[in-house]
Chemist: 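One structure is given below, represented as structure tokens, and several questions about it will come after.
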Amino acid sequence: MDYLVILMLMVSFFSGTLLISKDQVVCLPLDENVSKTTNSSHLPTVALATTASTLTATSDVVHETSSGSVVGAAFGEEPHLPFSRRASTTGGHPTNLDYQQYIYISHVCYQKALPWYSKYSPYLALMHSLILLISSNFWFKYPKTSSKIEHFISILKKCFESPWTTKALSETACQHSEEDPGRLKSCASRAYEGRTTDDVSSPGSYRGDIPFEISEVSSSNILDKKDGEQAKALFEKIRKFRTHTEDADLIYKVYVGQTVFKVVKFLIILGYTSSFVGSIHFRHICKPNIKSLTGYSIFFCTHNLAFILQKLLITYIGLVCIYGLVGIYTLFWIFKKSLKEYSFEKVREESNFSDIPDVKNDFAFLLHMADQYDQLYSKRFAIFLSAVSENKLLELNLNHEWTYEKLRQHINRNSSGKLELQLFMLSGLPKAVFEMMDLEVLKLELISDVKLPAKISKMSCLTELYLYHCPAKVEHIAFSFLRDHLRVLHIKFTDIDEIPLWVYSLKNLLELHLSGNLSSVNNKVISLESLKELKNLKVLTIKSNLNKVPSAVTDLASHLSRLVIENDGTKLVILNNLKKMSNLLELELHHCELEKIPHAVFSLTSLQKLDLQSNGIQAIEDMASFQHLRRLTCLKLCHNAISSIPNSIEVVKNLEQLFLSNNKLNFVPTALFTLVKLRHLDLSNNLIQVLPEEIGQLGLLQVLSVSGNQLEELPSQLFKCLRLKTLHVGRNKLSSLSPEIGELIHLTNLDLRGNVLQALPSEISFCSLLKRSGLSVEEDLLQTLPSYIREGLVEHSL
């Protein structure tokens, strides 16, 4: 349509130039006698016949006739007489008109005799052509559409030139050529490892969804690190452009509007031009009211450009008709199908990019326009809409960045002494990870695309795996390895559906730690029924928002030894299921908003450790029921609201560790000190004012913490607990420390900060195992000790 407009402009410019550069009309006067005796309809012919017989050559006014002969002023004058007095020598009559009068008559008749269309049609054509030119380019210039169009064109160019496009298409072409032995040989270097293995999605069924694999050899030759980074930026740019253009259809509306306008304009031009083009004539009769000036009232005029102007206008109409037909076809194309929806179905069929999404609105319309130009652009553009393609690019970039040497630098030993590697917020899992044969713990956090290939089977030392918001997929061989070797698994998730199904088939798993939303809303908690397949599971930790113990947990009763439920403050209401877990050795219920110790706990006769810290327990009235827990050795009731300890606590004869810190205790019953097996007693951060002398009965006590209370002195019997290794009495009101402290020869950790002590007893030097690093005390108090004692403490610390 732009080319047609250019031709229209050329025609209109040429026509307008002719009107300006050529004489418009030539007029001859008509004899009034002839005009009276002759029918007015034949005036032109009669006048022409009359004047033709008197034409003579003249040097003043010369016109070229159609036959090529040169004639003088064809008005009957003598050639050698003055112009105003010339007379015909062949029977003509004088006109008595001067040359200036003829010029004046021509100008007057040009305005009065010629139709307006003969005079102004080239300028109208020029105006219409300019309007069509502007309307054709309006959507390219309108700011809200031109910016998107220019951005789209620049992206198309980058997609077409990107090395990643060539790489992805070549991989697809190779896969299509696998059945062709002749072409298969050229693609052999791009074949990927493990093509017949699938991802494990559930026990007994495995699936794979990778359309193509990039081999290291071919990738290094085609795509270097810089090209990969550029392709990654292009993916991000297309994602933003898609978001920006799919939310509106402004470009579509502007294009439809301008096309409708052009078609309407075509109909208007064709309508009036075709009706007026026939009014352009060569001969015209002019009757200007100038007889008083010239002596004649009727003139016969010829329009010199009539024939060529008519032909040019007919050409112009032909161009406008072609332009209009193109516009009508465009409207037919627009309304034939919805251009606000675009499907890559054909691309998905021809390639292995089955995940390319359909698009809509302005994004779809721009792709339809690109297809009209060349469908190859859309095919190359589609590569950058494929999530699989992007993942493979990210994987390639990842392997460029995270080499084996770099990963080795991130390996360290954890608190258990195991070699541990932690990877955080990567686009995938680097291949170099599977070359670390000595790795024991692998932590993966916030990695969206984790695929565990068959190579993981080479990591024979791997026994512990962390998957924090990582919905990992595994191949069949990798699953078999994990099932046989993995012992500890930590999973953190947002929704229970993010837990990989293959987890429930790890029959040799010993510990499973789950952290995420396990709410029973919409019966999601029923998915945990698969836990019963974990026949060897010993430890189960659930950090969630449960309001009841899932029935799937009780199905593990026969072999589960430790259960930890840590809520986010949601009240745990139903605990009756715990009664079935008679073999449970450790139970921890944190932040479950318990008001008292659940009765179901006393049915766990094998229980050795009970941890109910950070609940709302106010009293332990049912302490007598603890007599059923004969094996209980550790009781943790920290961070509650307990104000007193009943004397019935003496029934827990085998208790070795008791934690009652951060409660509201203001006294300690003597019955507590009948628990002669106590090794660890924590009463810190309470309101205790006096510590009974009976504490001396705890001959096995090794750790005592009474920090953060209101003690003014320590009982002398405390120093009879000769096995004491740790003594925390900080943040009290102690004014002195008994010299008997020297009897605690096994003491290694002593906290005295936050008291009102005036000095330290020199007998502290008898605590031979006490080092300066284990002594927490103000520096000025330390200076009250003799210098040799201070030096001894320093030597100990060295």
Chemist: Do Phe479 and Ser505 come close enough that some side-chain heavy atom pair is under 4.5 Å?
Modeler: yes

Chemist: Counting distance only, does the side-chain N/O of Glu401 pair as donor-acceptor with the main-chain N or O of Asn397 below 3.5 Å?
Modeler: no

Chemist: Report the C-alpha separation of Lys609 and Glu588 in whole Å, then their side-chain angles, then the decisive distance to 0.1 Å, and conclude whether the salt bridge (Lys or Arg N to Asp or Glu O under 4.0 Å) test is met.
Modeler: CA-CA 8 Å; Lys609 178 181 178 181; Glu588 299 181 19; 3.5 Å; yes

Chemist: Do other residues, nucleotides or ligands put more than 12 heavy atoms under 6.0 Å from the NZ atom of Lys580?
Modeler: no

Chemist: Are any side-chain N or O atoms of Asp611 and backbone N or O atoms of Gln613, one a donor and one an acceptor, separated by less than 3.5 Å?
Modeler: yes

Chemist: Are Glu236 and Arg242 ion-paired here, with the side-chain N under 4.0 Å from a carboxylate O?
Modeler: no

Chemist: Have Thr541 and His513 got a donor and an acceptor in their side chains that come within less than 3.5 Å?
Modeler: yes

Chemist: Is any side-chain heavy atom of Gln657 less than 4.5 Å from a side-chain heavy atom of Leu678?
Modeler: no

Chemist: Testing the basics here: between Leu584 and Leu563, what is the closest heavy-atom pair and its distance to 0.1 Å?
Modeler: CD1-N, 3.9 Å

Chemist: Can you give the donor-acceptor pairs under 3.5 Å from side chains of residues 485-492 to other protein atoms, not counting sequence neighbours?
Modeler:
unit_1, atom_1, unit_2, atom_2, d
His485, ND1, Phe481, O, 3.1
Arg487, NH1, Asp484, O, 3.0
Arg487, NH1, His485, O, 3.3
Arg487, NH2, Asp484, O, 3.3
His490, NE2, Glu464, OE2, 3.0
His490, NE2, Tyr466, OH, 3.4

Chemist: If I compare all heavy atoms of Val601 with all of Leu607, which pair ends up nearest, and what's the gap?
Modeler: CG1-CD2, 4.1 Å

Chemist: Answer yes or no: are there more than 12 heavy-atom neighbours, outside Lys458 itself, under 6.0 Å from its atom NZ?
Modeler: no

Chemist: Please give me the minimum heavy-atom distance between Leu534 and Tyr504, naming the atom from each residue.
Modeler: CD2-O, 3.6 Å

Chemist: With a 4.5 Å cut-off on side-chain heavy atoms, are Leu467 and Phe493 touching?
Modeler: no

Chemist: Can you confirm whether Met436 sits close enough to Ile411 that some side-chain heavy atom of one is under 4.5 Å from a side-chain heavy atom of the other?
Modeler: yes

Chemist: Please report the interatomic distance CG(Leu701) to CG(Leu681), rounded to the nearest 0.5 Å.
Modeler: 6.5 Å

Chemist: Any non-hydrogen side-chain atom of Phe659 less than 4.5 Å from a side-chain atom of Ser705?
Modeler: no

Chemist: Check whether Asn662 reaches the backbone of Asn685 with its side chain - one donor and one acceptor, N or O, closer than 3.5 Å.
Modeler: no

Chemist: Test salt bridge (Lys or Arg N to Asp or Glu O under 4.0 Å) on Arg790 and Glu779; report intermediate values, then the result.
Modeler: CA-CA 11 Å; Arg790 295 198 306 270; Glu779 189 65 28; over 6 Å; no

Chemist: So Leu770 and Thr748, do their side chains get closer than 4.5 Å, heavy atoms only?
Modeler: no

Chemist: With a 6.0 Å cut-off (strictly less than), is the heavy-atom count around CE of Met437, excluding the residue itself, greater than 12?
Modeler: yes

Chemist: I need the minimum non-hydrogen distance between Lys548 and Leu572, along with the two atoms involved.
Modeler: N-CD1, 3.5 Å

Chemist: Take Lys677 and Asn654, measure what side chain to side chain donor-acceptor pair (under 3.5 Å) needs, and give me the verdict at the end.
Modeler: CA-CA 6 Å; Lys677 292 185 179 182; Asn654 294 317; 2.7 Å; yes

Chemist: Within a reach of under 6.0 Å around CZ of Arg239, are more than 12 heavy atoms found that belong to other residues, nucleotides or ligands?
Modeler: yes

Chemist: Please assess His728 against Asn749 for the test side chain to side chain contact (heavy atoms under 4.5 Å, CB included), listing each intermediate value before the final yes or no.
Modeler: CA-CA 8 Å; His728 291 172; Asn749 196 314; 3.3 Å; yes

Chemist: Checking the side chain of Asn615 only, and the main-chain atoms of Leu612 only, is there a donor and an acceptor separated by less than 3.5 Å?
Modeler: yes

Chemist: Return yes if some donor-acceptor pair links the side-chain N/O of Arg380 with the main-chain N/O of Phe160 below 3.5 Å, else return no.
Modeler: yes

Chemist: Salt-bridge test for Asp438 and Arg408: reply yes if a basic N is under 4.0 Å from a carboxylate O, no otherwise.
Modeler: yes

Chemist: Let me see the working for Leu704 and Thr726 under side chain to side chain contact (heavy atoms under 4.5 Å, CB included), right down to the final yes or no.
Modeler: CA-CA 6 Å; Leu704 174 63; Thr726 300; over 6 Å; no

Chemist: Using the rule given for side chain to side chain contact (heavy atoms under 4.5 Å, CB included), can you reason through Leu407 versus Val433, listing the C-alpha separation, both sets of side-chain angles and the distance that settles it, and then say yes or no?
Modeler: CA-CA 7 Å; Leu407 288 173; Val433 170; 3.6 Å; yes

Chemist: Examine distances only and state if a side-chain atom of Ser561 and a backbone atom of Leu585 form a donor-acceptor pair shorter than 3.5 Å.
Modeler: no

Chemist: Does the side chain to side chain donor-acceptor pair (under 3.5 Å) test come out yes or no for His559 and Asn583, once each step is laid out?
Modeler: CA-CA 7 Å; His559 49 83; Asn583 295 326; over 6 Å; no

Chemist: State, with a plain yes or no, whether a side-chain heavy atom of His400 is found less than 4.5 Å away from one of Leu396.
Modeler: yes

Chemist: How many angstroms lie between atom CZ of Phe384 and atom CD1 of Ile356, to the nearest 0.5 angstrom?
Modeler: 11.5 Å

Chemist: Between Glu435 and Lys455 (salt bridge meaning N to carboxylate O under 4.0 Å), is one present in this structure?
Modeler: no

Chemist: Output yes when a side-chain donor or acceptor of Glu440 lies under 3.5 Å from a complementary backbone atom of Leu419, and no otherwise.
Modeler: yes

Chemist: Is it true that Trp502 and His476 have ring centroids separated by less than 6.0 Å?
Modeler: no

Chemist: List the steps and the verdict of side chain to side chain contact (heavy atoms under 4.5 Å, CB included) for Asp682 and Leu658.
Modeler: CA-CA 6 Å; Asp682 188 355; Leu658 179 59; over 6 Å; no

Chemist: Are the side chains of Ser582 and Leu604 in contact, using a 4.5 Å heavy-atom criterion?
Modeler: no

Chemist: Rounded at 0.5 Å granularity, tell me how far CG in Leu727 sits from CD in Gln702.
Modeler: 13.5 Å

Chemist: Check each of Asn517, Asn567, Thr570, Asp568 against Asn545 using the side-chain hydrogen bond (donor to acceptor under 3.5 Å, both in side chains) test, and report the only one that passes.
Modeler: Asn517

Chemist: Drop me the distance from Leu587's CG to Leu575's CG, to the nearest 0.5 angstrom.
Modeler: 8.5 Å

Chemist: Check for a donor-acceptor pair, side chain of Asn663 on one end and backbone N or O of Ser661 on the other, with a separation under 3.5 Å.
Modeler: yes

Chemist: Salt bridge check: are Glu586 and Arg562 linked by an N-O gap of less than 4.0 Å?
Modeler: yes

Chemist: Which heavy atom in Ser707 sits nearest to a heavy atom in Arg731, and how many Å separate them?
Modeler: CB-NH2, 3.7 Å

Chemist: Begin from the C-alpha positions of Glu420 and Lys443 and carry the test salt bridge (Lys or Arg N to Asp or Glu O under 4.0 Å) through to its verdict.
Modeler: CA-CA 7 Å; Glu420 177 181 287; Lys443 285 187 175 182; 3.7 Å; yes

Chemist: How close do Cys638 and Leu660 get, heavy atom to heavy atom, and via which atoms?
Modeler: SG-N, 4.3 Å

Chemist: Distance check, rounded to the nearest 0.5 Å: Leu594 atom CG versus Asn640 atom CG?
Modeler: 8.5 Å

Chemist: Whether the side chain of Asn508 engages the backbone of Arg483 through a donor-acceptor N/O pair (distance < 3.5 Å, no angle test) should be reported.
Modeler: yes

Chemist: For the backbone of Asn399 and the side chain of Thr403, can you confirm whether one donor and one acceptor N or O come within less than 3.5 Å of each other?
Modeler: no

